[in-house]
Amino acid sequence: MGHTATEQAGSGGLTATEHRLANGLRVVLSEDHLTPVAAVCLWYDVGSRHEVKGRTGLAHLFEHLMFQGSSQVKGNGHFELVQGAGGSLNGTTSFERTNYFETMPAHQVELALWLEADRMGSLLTALDEESLENQRDVVKNERRQRYDNVPYGTAFERLVAMAYPEGHPYHHTPIGSMADLDAASLEDAREFFRTYYAPNNAVLAVVGDIDPEQTLAWIEKYFGTIPSHDGKRPPRDGTLPDVIGGQLREVVEEEVPARALMAAYRLPHDGTREADAADLALTVLGGGESSRLHNRLVRRDRTAVAAGFGLLRLAGAPSLGWLDVKTSAGVEVPDIEAAVDEELARFAEEGPTPEEMERAQAQLEREWLDRLATVGGRADELCRYAVLFGDPQLALTAVERVLQVTAEEVRAVAQARLRPDNRAVLVYEPVQGAQQADDTAEDNDAEGESAQ
């Protein structure tokens, strides 16, 4: 069953067709013969928000287990077969989904589809204590390398825990805790797979130099016999008040190269016009070297070596506005904080100038074009809109909605949300003996954890 989408205004000539197999697997195909490559992207509707207390990190751990072999592909065979065919691959986990993707020479698309179907349908036959222990150690080491043993490494985790209270499904990040990773059993992993890794809980997108009819026939051949599963529990309610209601604050004394001010603001849910307005506001305020905060703190005052403000879009809970300022040597955090508050208050009062609005919209448009320009990026966007919002076609017109937002809407969302009583603040103070430096540590990837 399927239908062909007509070309939509603002889609840049891109189209996508949608289909659904009898077992519930949603399929999105987008034909593009510009280059002889194609991307296969599979999103499962499971992320860290589906986890329960005491079993955090299971979604990310399972993402790694998906590369440990299946019924007909042993050990590291998935990587070996794809890379041997000239392709690339990986997987990532976020709060709201787990995805797997391959970019292949066009004539090797069937191989990627067969590989994804084999592990969706038969991973349990290969999942054992050895593979669980192997990947448990890999994930724990990833946590050490990217979180626990790098400057500012736990900042995102700390801010998320403050912005989303105890018991909230977004209170913990996808990486999980060491204790919970140690506690995960083989039966936990098997139950997790049976619950969430079913065709009716997934969206498959294939984009690029494909023959849609042949591609759909392969999908039916390899995925069509995998049984659906109806035991999935819906994620817990992520509803929260729009505003935190008071400033939350934590001071961290660690061996970091410079003092830092970080903050998380609750912002509108992804998929709303207000979220697009918030994205534009944060772009004007902290999106690059032309932004207000960079101009004020780095260029003019020279009190900071870096100043950024970005949006983590979330569909099932309030999105997160992420402020990150690293101070210049000798500068105190209260001076930085006062300057930030002054800029936010001025923006809430006046809103963006026409030039700032045009620049911010152009910046978000370029980012959208960059994502859709590659077959892998387009496949990922189609899956994202299908899983989170029920309609992959929205991916092709997302930029039109951003361009329709007005300066007054941007000012209004800043006034309503970018307030001192709607933020969790994290202050880093270097411990005695730590070296002050102008260079900063590479930021943690807030979007997801990858298999490699």
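Residues take their numbers from the sequence shown, with the count starting at 1.
The closest donor-acceptor contact from the side chain of Thr56 to the backbone of Asp180 lies at 3.5 Å or more, if one exists at all. Ser30 places a side-chain N or O within 3.5 Å of a backbone atom of Thr15 that can act as its donor or acceptor partner. Formation of a donor-acceptor pair under 3.5 Å by the Asp301 side chain with backbone atoms of Thr303 is not found in this model. Judged by distance alone, the side chain of Asp279 and the main-chain N or O of Leu311 form no donor-acceptor pair under 3.5 Å. In this structure, Ser319 contributes its side chain and Leu314 its backbone to a donor-acceptor pair below 3.5 Å. Using a distance-only test at 3.5 Å, with no hydrogens or angles considered, a donor-acceptor pair links the side chain of His172 to the main chain of Ser48. Although no hydrogens or angles enter the test, the distance criterion places no donor-acceptor pair under 3.5 Å between the side chain of His64 and the main chain of Val138. In this structure, the side chain of Glu381 does not engage the main chain of Leu396 through any donor-acceptor pair within 3.5 Å. Remark: the backbone N or O of Tyr164 is not paired with any side-chain donor or acceptor of Arg266 at under 3.5 angstrom. Without hydrogens or angle criteria, Arg236 side chain to Gly167 main chain gives a donor-acceptor distance under 3.5 Å.
Ala16 approaches Leu382 most closely through the heavy-atom pair CB-CD2, 4.2 Å. Shortest non-hydrogen contact noted between Ile175 and Leu181 is O-CD1, 4.1 Å. Closest of all the heavy-atom pairs between Met178 and Lys140 is CE-O, 3.3 Å. Across all non-hydrogen atoms, the minimal contact from Asn23 to Phe223 is ND2-O, 2.8 Å. Pairing each heavy atom of Trp368 with each of Ala398, the nearest pair is NE1-CB, 3.8 Å. Taking every heavy atom of both residues into account, Ala317 and His168 meet most closely at CB-CE1, 3.8 Å.
Test Arg417, Arg419, Arg423 against Asp421 for salt bridge (Lys or Arg N to Asp or Glu O under 4.0 Å) and you get one pass: Arg419. Tested against His78 for a side chain to side chain contact (heavy atoms under 4.5 Å, CB included), the candidates Gln83, Gln68, Glu102 yield a single pass: Glu102. Considering Leu159, Leu312, Val160 in turn, Leu159 is the only one that fulfils the side chain to side chain contact (heavy atoms under 4.5 Å, CB included) rule with Trp322.
With a 4.5 Å cut-off on side-chain heavy atoms, Asp324 and Phe156 do not count as touching. In this structure, Ser291 and Leu285 have side chains that are not in contact, with every pair of non-hydrogen atoms separated by 4.5 Å or more. Between Val305 and Thr327, the closest side-chain pair of non-hydrogen atoms is not below 4.5 Å. A heavy-atom distance below 4.5 Å is not found between the side chains of Glu254 and Pro151. At least one side-chain heavy atom of Val40 sits under 4.5 Å from a side-chain heavy atom of Leu204. Considering only heavy atoms from C-beta on, Arg97 stays 4.5 Å or farther from Arg384 through its side chain. Side chains of Val139 and His60 form a contact here, defined as non-hydrogen atoms less than 4.5 Å apart.
Salt-bridge check for Glu365 with Arg401: failed, with every basic side-chain N at 4.0 Å or more from each acidic carboxylate O. Salt-bridge check for Lys232 with Asp45: passed, with a basic side-chain N closer than 4.0 Å to an acidic carboxylate O. Electrostatic pairing of Glu157 and Arg143 counts as a salt bridge here, judged by a charged N lying under 4.0 Å from a carboxylate O. Contact check on Arg346 versus Glu349 returns no salt bridge, with no Lys/Arg side-chain nitrogen under 4.0 Å from an Asp/Glu carboxylate oxygen. Between Arg411 and Glu350 there is no salt bridge, since no side-chain nitrogen of the basic residue lies less than 4.0 Å from a carboxylate oxygen of the acidic one. Taking 4.0 Å as the cut-off between side-chain N and carboxylate O, Glu337 and Arg249 count as a salt-bridged pair. The residues Asp188 and Arg190 are annotated as not salt-bridged, no charged nitrogen and carboxylate oxygen being separated by less than 4.0 angstrom. A salt bridge links Arg146 and Glu142; the closest N-O separation between the charged side-chain nitrogens and carboxylate oxygens is under 4.0 Å. Salt-bridge formation is detected for the pair Asp276/Arg313: a Lys NZ or Arg NE/NH1/NH2 atom is positioned less than 4.0 Å from an Asp or Glu carboxylate oxygen.
Between atom CZ of residue Arg233 and atom NE2 of residue His50 there is a gap of 10.0 Å, rounded to the nearest 0.5 Å. One distance of note links CG of Leu394 with CG of Leu388; it measures 11.0 Å at 0.5 Å rounding. Considering CZ of Phe347 and OG1 of Thr353, their distance stands at 9.0 Å, rounded to 0.5 Å. Atom CG of Asn99 and atom OG1 of Thr93 lie 8.0 Å apart (nearest 0.5 Å). Here the OG1 atom belonging to Thr98 is positioned 9.0 Å from the CE atom belonging to Met66, to the nearest 0.5 angstrom. Here CG of Asp380 is found 11.0 Å from OH of Tyr385. Values are rounded to the nearest 0.5 Å.
A cation-pi arrangement, defined by a distance under 6.0 Å to the six-membered ring centre and an angle within 45 degrees of its axis, is present between Lys326 and Tyr152.
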- request: Take Val82 and Leu115, measure what side chain to side chain contact (heavy atoms under 4.5 Å, CB included) needs, and give me the verdict at the end.
  value: CA-CA 9 Å; Val82 170; Leu115 286 166; 3.5 Å; yes
- prompt: Please walk me through it: do Arg378 and Asp32 pass salt bridge (Lys or Arg N to Asp or Glu O under 4.0 Å)?
  reply: CA-CA 11 Å; Arg378 196 182 319 156; Asp32 181 354; 2.9 Å; yes
- request: Start with the C-alpha distance between Arg359 and Thr283, add both sets of side-chain angles, then the distance that settles side-chain hydrogen bond (donor to acceptor under 3.5 Å, both in side chains), and finish with yes or no.
  value: CA-CA 9 Å; Arg359 187 163 56 241; Thr283 301; over 6 Å; no
message: Could you walk me through whether Glu191 and Thr195 satisfy the side-chain hydrogen bond (donor to acceptor under 3.5 Å, both in side chains) test, starting with their C-alpha distance in whole Å, then the side-chain angles of each, then the deciding distance to 0.1 Å, before giving a yes or no?
response: CA-CA 6 Å; Glu191 179 61 23; Thr195 301; 3.2 Å; yes
Derivation of the side chain to side chain contact (heavy atoms under 4.5 Å, CB included) call for Arg296 and Leu293: CA-CA 5 Å; Arg296 167 73 184 271; Leu293 291 176; 5.6 Å; no
field: Steps toward side chain to side chain contact (heavy atoms under 4.5 Å, CB included) verdict (Leu127, Phe193)
entry: CA-CA 10 Å; Leu127 184 59; Phe193 179 85; 5.5 Å; no
field: Worked verdict on Val206 versus Val28 for side chain to side chain contact (heavy atoms under 4.5 Å, CB included)
entry: CA-CA 6 Å; Val206 187; Val28 185; over 6 Å; no
message: For Glu289 and His294: C-alpha separation, side-chain torsions, deciding distance, then whether side-chain hydrogen bond (donor to acceptor under 3.5 Å, both in side chains) applies.
response: CA-CA 6 Å; Glu289 295 186 359; His294 184 90; 4.8 Å; no
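Between Phe62 and Tyr197, a ring centre-to-centre spacing shorter than 6.0 Å is recorded. Separation of the Tyr100 and Trp43 ring centroids does not fall under the 6.0 Å cut-off. Aromatic ring centres of Tyr170 and Phe95: separated by under 6.0 Å.
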